[in-house]
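Accompanying notes for the structure given below.
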Amino acid sequence: MQRTAVVAGGGISGLTACYHLVKDAKASKVILLESSSRLGGWMRSTRTEDGAVFEHGPRGMRPAGVVGKNALCMVSELGLGSDLIAIPRSHPAAKNRYLYVNKTLHKLPSSLGGVLRTIPPFSSPLFLCGLRDFTAPRGSQDDESVHDFFSRRFGKELADIVIDSLCRGVFAGDCRQLSLRSCFPFLHEAETRKRSVILGMATSGAVKTPELDSALSKRAKDERWSQWSLREGMQMLSEALEDYIKQRGVEIHKDTPVEALERTPNNSWKVKLPSGSITADHMFSAVPGAALSRLLDPIAKPMADTLRQLNTANVAVVNLEYDGEVLPVSGFGHLIPSFEDKAVLGIVYDSLTYPEHNRKGSPSTRLTVMLGGAWFESSLGDPTSVSAEEILSLATAAAAAQLEVKGKPSRAIVSINKSCIPQYTLGHWKHIENLFSYIKQHNLPLSLIGASYQGVSVNDCIYNAKKSVQSLAGC
Ligand SMILES: Cc1cc2nc3c(=O)[nH]c(=O)nc-3n(C[C@H](O)[C@H](O)[C@H](O)COP(=O)(O)OP(=O)(O)OC[C@H]3O[C@@H](n4cnc5c(N)ncnc54)[C@H](O)[C@@H]3O)c2cc1C
Ligand SMILES: C=Cc1c2[nH]c(c1C)Cc1[nH]c(c(CCC(=O)O)c1C)Cc1[nH]c(c(C)c1CCC(=O)O)Cc1[nH]c(c(C)c1C=C)C2
């Protein structure tokens with residue numbers, strides 16, 4: 001690719017775009033502009049002097065599927081293979097997930113026996129929900145809330161308890177507002193193809209992607225990994241990408257917010273920065289949709305208006321460390337359905353999942369309590385003024401009540417992550433379609449990447465950034 005590519009936003013999406021611009025597209029000049037003083041975006045790990053690692057954003061990635069294989073391919077190429085820590089599917093952190101309902105922890109079934117029997121908090125065996133799917137009619141609308149979809153196909157109890165919790169544990173969102181088509185596109189597609197979601201999924205067939213095979217994806221398959229992280233935390237991935245792109249000549253500017261965009265007569269961009277402006281032949285926007293809307297107003301007003309309609313949620317992330325091994329159960333963590341407690345979304349048992357991240361020298365328990373999400377304002381108040389002490393006291397009270405973890409934590413870190421998780425609410429797919437068709441119709445030299453559009457997981461961000469660069473470069 002000739003000429004100058006400018007990437008706005010140095011989170012995992014922007015970093016991945018730079019990586020593929022220099023590696024595959026052989027772009028002649030790449031400039032990365034990041035408004036804050038560090039790269040990585042929400043990928044942020046704190047390392048303490050006694051060897052502990054605390055994650056404030058993503059804490060694990062799945063190796064499965066095309067997007068999982070693709071991320072492992074990049075991790076392999078970055079030479080991070082020996083730093084990878086993997087959880088096999090037989091590990092308690094892979095098998096045991098809990099729901100906190102009626103003030104009690106309930107393990108979700110992980111075997112056939114568990115779905116054939118009635119187990120609390122459910123009023124009938126879960127396999128009966130599966131039977132409904134074979135007879136339920138196909139949906140008739142072009143979009144439907146996640147809750148409506150699951151109620152229709154699997155019953156209201158499953159939707160109220162399991163799906164409500166799942167959406168809190170992935171999107172920090174309300175399944176009554178979230179779109180099935182955008183949040184779980186494979187389920188929408190399975191229903192469209194086969195009417196029964198179970199049949200549709202069972203007959204979808206694995207996509208063959210030999211080009212994404214790597215030493216790590218082979219290990220993941222052979223060793224049956226369920227998820228993975230890195231020895232010094234997920235931030236190692238953004239740091240490795242930063243080193244890689246720096247060595248290959250990407251110009252990195254931190255503390256440099258893009259302030260405005262203007263079109264030039266020869267279909268380039270004038271990118272306005274605090275210290276002046278630069279010219280971009282092509283822009284990759286890896287900033288959140290709301291930030292891009294400010295840059296495109298008034299030059300592409302219909303796009304700016306659509307971008308403003310994309311929703312996000314705030315999440316308070318509280319990392320806690322206690323002396324000793326004090327958890328009453330073993331597993332990944334538990335989620336709390338919204339009818340039980342709106343404010344506290346769930347608790348991750350980090351010290352059991354990744355003991356490699358525990359402090360050295362003396363036993364400890366590390367937990368992450370996540371609060372707020374779609375219920376932030378209604379249950380915790382304004383994220384710009386809520387007090388960290390108040391959030392900490394709610395988090396420690398939740399750990400004490402739900403896990404009997406008493407006493408004062410030996411360490412606590414509170415992060416109020418504002419607008420950190422995009423909410424793909426009803427009609428999101430139409431907004432995305434409108435944005436992409438506006439770019440095409442107006443021949444804008446602009447690519448949209450990042451969690452705001454087509455997947456919030458790190459795997460999705462990496463995959464979409466790569467696809468975007470490759471489609472432009474014709475690779
Ligand atoms: C608490 C939490 C837990 C999560 N857990 C997981 C998990 O376990 N597994 C998983 O797969 N995913 C997880 N995710 C999701 C995943 O981490 C994010 O979706 C992903 O990191 C988003 O990356 P991004 O690069 O698209 O955006 P961001 O990380 O938001 O990066 C955007 C960057 O743009 C910069 N920027 C903004 N405006 C401008 C401007 N005007 N000019 C220049 N730069 C600008 C920002 O400073 C930022 O660095 C989690 C997210 C959160 C918040
Ligand atoms: C309680 C809040 C949250 C917890 N994690 C996240 C939030 C908002 C964010 C998050 N978690 C996952 C992803 C990636 C999804 C993907 O497609 O890979 C994101 C953005 C992984 C995940 N975590 C849980 C589930 C069921 C998933 C989906 C993938 C998988 O099955 O592994 C469960 C879970 N998340 C949290 C807790 C306490 C929890 C408990 C069981 C925290």
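From a predicted model like this one, the values you see are computed outputs, not experimental measurements. Order of appearance sets the numbers: ligands from 1, and atoms from 1 within every ligand.
Of the protein's non-hydrogen atoms, G169 O, 3.5 Å is the one closest to atom 23 (N) of ligand 2. Nearest protein neighbour of atom 2 (C) of ligand 2, counting heavy atoms only, is R168 O, 3.3 Å. Shortest contact from atom 28 (C) of ligand 2 to any protein heavy atom: V170 CG2, 3.6 Å. In this structure, the protein non-hydrogen atom closest to atom 40 (C) of ligand 2 is L335 CG, 3.4 Å. Given atom 14 (C) of ligand 2, the protein heavy atom at minimum distance is S457 CB, 3.8 Å. Summary of contacts: the protein heavy atom closest to atom 48 (C) of ligand 1 is E34 OE1, 3.5 Å. Protein heavy atom nearest atom 16 (C) of ligand 2, with residue, atom name and distance: R62 NH2, 3.2 Å. With hydrogens left out, the protein atom closest to atom 32 (O) of ligand 2 is R97 NH2, 3.1 Å, a heavy atom.
Close contacts of ligand 1 with S13, meaning ligand atoms under 4.0 Å from a residue heavy atom, involve 24 (P), 25 (O), 26 (O). Contact atoms of ligand 2 toward I421: 8 (C) (distance under 4.0 Å to a heavy atom of the residue). Atoms of ligand 1 lying under 4.0 Å from at least one heavy atom of R59, given by number and element, are 7 (C), 8 (O). Interface of W42 with ligand 1, defined as ligand atoms under 4.0 Å from a residue heavy atom, comprises 28 (P), 29 (O), 30 (O).
Rounded to the nearest 0.5 angstrom, W42 CH2 and C461 SG are separated by 13.0 Å. The OG atom of S364 sits 12.5 Å away from the NE2 atom of H357 when rounded to the nearest 0.5 Å.
The residue from A451, P288, P422, G9 that puts a heavy atom closest to atom 37 (C) of ligand 1 is P288. Heavy-atom proximity to atom 36 (N) of ligand 1, evaluated over A71, S35, A17, is greatest for S35.
The part of F332 lying near ligand 2 is the side chain, judged by heavy-atom distances below 4.0 Å.
At least one protein heavy atom sits closer than 4.0 Å to atom 29 (O) of ligand 1.
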